[in-house]
Amino acid sequence: MTVGVIDSAVLRITDLEDEPPRELVGGKAWSLWRMSRLGLRVPPAIVITTRSCAEYFERGGVISDELFDEIRSGIEYLERETGRTFGAGAKPLLVSVRSGAAVSMPGMMDTILNLGINETSEAALATESGSPEFAADVHRRYCALYGKLVAGCLEDLEDLPDTAAVLGAIDAETGEAVPQDPIEALRNAVAAVFDSSRSRRAKAYRAHYGIPDDIGTAVTVQAMVFGNLDDDSGTGVLFTRNPLSGNREPYGEYLPRGQGEDVVSGRVTPQPLSWLAQNRPELHNELTSAADLLDREGKDAQDIEFTVQHGMLYLLQSRPAKRTAQAAVRIAAALVAESAIDPATACARVTAEQIRHLLRPGIDPEQVRDAAPLATGVSASPGYAVGLAVATAEEAQEHPGAVLVRESTSPEDVHGMIAASAVVTENGGATSHAAVVSRALDTPCVVGCGPGTVSGLVGRVVTVDATGARVFDGEIGGRIPSVDADADLIALIGWARELAPVRVVAAADEVDGEVFDGDGAVARSRTEAPEIPAGTAAVRGAYFDTDAGVEAAVDAGVSVIVSTNPLPVLLAAIAHGKRTR
């Protein structure tokens, strides 16, 4: 890529020959570039860079005229590529305005669909499609998103019956009108997406994962394709490998006559991918062939967003899939077996914290016996938890370890999902917001339990068996899984022992020489982190089972750590060694 292109504020991402820097264009736009280079069908798009986001905040939250001139030029490029006119004419161009940080933060920032629709372009779209109902649905959807994300309307607008009702609700609450001018709306939407990178939920997510708080976001502006056009249209999400188990099999959902926000929001429950295989086999074959290509090229499990418009498949995003701890181990081991990655890469893709989660207790089947569950649904993130069922994210924060029970979750609930021990929803499927975020957090999650779940559970102490997709009344005990029964864990331990800068043994009598007892040192000094004496070769104690303790031991030159749970210690040592090299 030439220096001039890198210096541009707006890039024609689906038309670039050379690979753009991910930190400049964000993960979403980078994936569009990759898919277009692979010859896959991608709607044309431009991207406003992360550098432009930083400049926006430096200007006090103002889009400069110079930047917007480049955005206008990008819109003209989209018009040429599609043969359509932005928000006008007999064939109006509508666009999506989507966030995309360099580090994947699914659902944490805003997306506005169908921008460019107004009274005039609705009429044109109705004539072109032959469906006034479709055009009206597009207009209503756009106004609801604009009202929520740009105007700041707090009322739930998605369920209002038509555009007039949505516009009336926005005016009544905010006193603002949705602009008829698509250029004005675009400028406001880009600013709103920039602003969403500093929202409460985005900050909470970055803090939880240790992501720098100043990374901002790129903004991708892409020609719309419509999954809600007709019966031969729809939208969906496909994982190339099962994100719960890690098995090498397509996993996902498809929503006929829907748009992407319908699936992510969890407001409706989509069909399984098997529906697409049964009802649209040629389309399913095309989708799975593209998925196989992206899995091979990415050398990792992929999370793929797609839309079908009048029988034609369009790919909108492909990124490394968020996965459970169990899936992380299985996928890493499988990719080594497939010669896609080496053992060092496999160990880098599984964190110590994931192994700690994986080795947490699961529900004890002997204690369940014949107990009837209060609720059943779909397992979205396996695991086991016991806690007080609460109905809001704020209550989950007030009662750490509570079980958050909602009709469906949204990005506004993320702080409560971080605090909760489990998440249960009435609506949504395995690719809904609740499912994706819970897998990223490795929090047990059951979705799609049906109406009445919230009222039936809230206020009770419940046991969530997310692996079995069940919720029981009261507390049911757990059972710790065995490492020895899992061939993938055994393989990972073997690789980690070869790669780690320390040796891990199960007992102090396996060490030649003196072992520093961190627990005893803490008890004597009443400090949380013991000071390791100079020249210490071996250590033991609870502190050295933590990431911080492992890092301290490696930095002090310790060669042996005593632990009955070796894999998290080994992985933490490997990760720290890579960071400090």
Report task. Taking side-chain hydrogen bond (donor to acceptor under 3.5 Å, both in side chains) as the test, write out the residues that go with Glu55, two or more places apart. Result -> none
Query - Within residues 276-288 or reaching into it, pairs that qualify as side chain to side chain donor-acceptor pair (under 3.5 Å) - sequence neighbours excluded - result: Arg41-Glu286, Asp232-Arg280
**Report entry** Residues Arg141, Asp137: salt bridge by 4.0 Å N-O rule
**Finding:** yes
Query raised in the report: In terms of side-chain geometry, is the basic nitrogen of Glu128 or Arg84 positioned less than 4.0 Å from the acidic oxygen of its partner?
Result: yes
Query raised in the report: For residues 44-93, which residue pairs qualify under ring pair (Phe, Tyr, Trp, His ring centres under 6.0 Å), counting only residues two or more places apart or in two chains?
Result: Tyr56-Phe194
Query raised in the report: Rounded to the nearest 0.5 Å, how far does OG1 of Thr49 lie from CG of Leu11?
Result: 6.5 Å
**Report entry** Separation between SG of Cys153 and CG of Leu145, rounded to the nearest 0.5 Å
**Finding:** 12.0 Å
Query raised in the report: Ala466 and Ser381: which non-hydrogen atoms are nearest, and at how many Å?
Result: CB-O, 3.1 Å
Requested in this report: Would you please name every residue forming a side-chain hydrogen bond (donor to acceptor under 3.5 Å, both in side chains) with Arg198, sequence neighbours left out?
Outcome: none
Query raised in the report: Is there a side-chain contact between Ser421 and Val403, using heavy atoms and a 4.5 Å cut-off?
Result: yes
**Report entry** ring pair (Phe, Tyr, Trp, His ring centres under 6.0 Å) contacts touching residues 153-174 (sequence neighbours left out)
**Finding:** none
**Report entry** Closest non-hydrogen atom pair between Ile112 and Leu115, with its separation
**Finding:** CG2-CD1, 4.5 Å
Query raised in the report: What's the verdict on side chain to side chain contact (heavy atoms under 4.5 Å, CB included) for Val424 and Cys449, showing C-alpha distance, side-chain angles and the deciding distance?
Result: CA-CA 8 Å; Val424 177; Cys449 294; 3.8 Å; yes
Query - ring-ring contact (aromatic ring centres under 6.0 Å, His included) partners of Tyr205, counting only residues at least two apart - result: Tyr209
Requested in this report: Please name all residues satisfying side-chain hydrogen bond (donor to acceptor under 3.5 Å, both in side chains) with Thr431, sequence neighbours left out, ordered by chain then number.
Outcome: Glu253
Report task. Any pair with a residue in residues 173-190 that passes salt bridge (charged side-chain N to carboxylate O under 4.0 Å, His left out), sequence neighbours left out, goes on the list, sorted by first then second residue, please. Result -> Asp65-Arg187
Name every donor-acceptor pair, under 3.5 Å, that has one atom in a side chain of residues 87-99 and the other anywhere in the protein, sequence neighbours excluded.
residue : atom : partner : partner atom : Å
Arg98   : NH2  : Glu305  : OE1          : 2.7
Ser99   : OG   : Asp110  : O            : 3.4

Query raised in the report: Does the pair Arg241/Asp295 count as a salt bridge with the N-to-O cut at 4.0 Å?
Result: yes
Query raised in the report: Just how far is it from atom CZ of Phe239 to atom CD1 of Ile331, taken to the nearest 0.5 Å?
Result: 10.0 Å
Query raised in the report: Should Arg37 and Glu17 be marked as a salt bridge (Lys or Arg N to Asp or Glu O under 4.0 Å) after you check the CA-CA gap, both sets of side-chain angles, and the distance that decides it?
Result: CA-CA 8 Å; Arg37 291 305 93 198; Glu17 289 295 329; 3.5 Å; yes
Query raised in the report: So does His208 have more than 12 non-hydrogen atoms from other groups sitting under 6.0 Å from NE2?
Result: yes
Report task. Check the side chains of Asn118 and Ser121 for a donor-acceptor pair under 3.5 angstrom, ignoring hydrogens and angles. Result -> yes
Query raised in the report: When rounded to the nearest 0.5 angstrom, what distance separates CG in Leu404 from CG in Asp413?
Result: 6.0 Å
Query raised in the report: Are any non-hydrogen side-chain atoms of Gln222 and Gln317 less than 4.5 angstrom apart?
Result: no
Requested in this report: List in chain and number order the residues that pass side-chain hydrogen bond (donor to acceptor under 3.5 Å, both in side chains) with Arg206, two or more places apart in sequence or in another chain; answer none if no residue qualifies.
Outcome: Asp213
Report task. Go through the steps for Val454 and Glu426 under the test side chain to side chain contact (heavy atoms under 4.5 Å, CB included), then give the verdict. Result -> CA-CA 7 Å; Val454 174; Glu426 293 186 354; 3.4 Å; yes
Query - Closest non-hydrogen atom pair between Lys148 and Leu157, with its separation - result: N-CD1, 4.0 Å
Query raised in the report: Is it true that the side chains of Ser318 and Gln302 contain a donor and an acceptor less than 3.5 Å apart?
Result: yes
**Report entry** Heavy-atom closest contact (Pro320 atom, Asp300 atom, distance)
**Finding:** CB-OD2, 3.9 Å
Report summary line: residues 124-170 vs ring pair (Phe, Tyr, Trp, His ring centres under 6.0 Å), sequence neighbours excluded, gives Phe134-Phe226, Tyr142-Tyr146
Requested in this report: May I ask you to test the Glu122-Val138 pair for a side-chain heavy-atom distance under 4.5 Å?
Outcome: no
Query raised in the report: Do Ser196 and Leu149 come close enough that some side-chain heavy atom pair is under 4.5 Å?
Result: no
Requested in this report: Could you tell me whether the side chain of Glu412 reaches within less than 4.5 Å of the side chain of Arg201, counting heavy atoms only?
Outcome: yes
Query raised in the report: Any donor-acceptor pair under 3.5 Å linking the side chain of Ser233 with the backbone of His310?
Result: yes
Report task. Take Ile215 and Thr50, measure what side chain to side chain contact (heavy atoms under 4.5 Å, CB included) needs, and give me the verdict at the end. Result -> CA-CA 8 Å; Ile215 63 170; Thr50 55; over 6 Å; no
Query raised in the report: Considering only heavy atoms from C-beta outward, does the side chain of Ser73 approach that of Val10 to under 4.5 Å?
Result: no
Report summary line: ring pair (Phe, Tyr, Trp, His ring centres under 6.0 Å) pairs touching residues 89-130, sequence neighbours excluded, are none
Report summary line: All heavy atoms of Ala144 vs all of Val166, minimum pair found to be N-CG1, 3.6 Å
Report task. Side-chain contact test, heavy atoms from C-beta onward, threshold under 4.5 Å: evaluate it for Asp442 versus Gln354 and give yes or no. Result -> yes
Query raised in the report: Side chains of Glu70 and Ile46: closer than 4.5 Å at any heavy-atom pair?
Result: no
Report summary line: Closest heavy-atom pair, Leu32 versus Leu316, reported as atoms and distance to 0.1 Å, is CD2-O, 3.1 Å
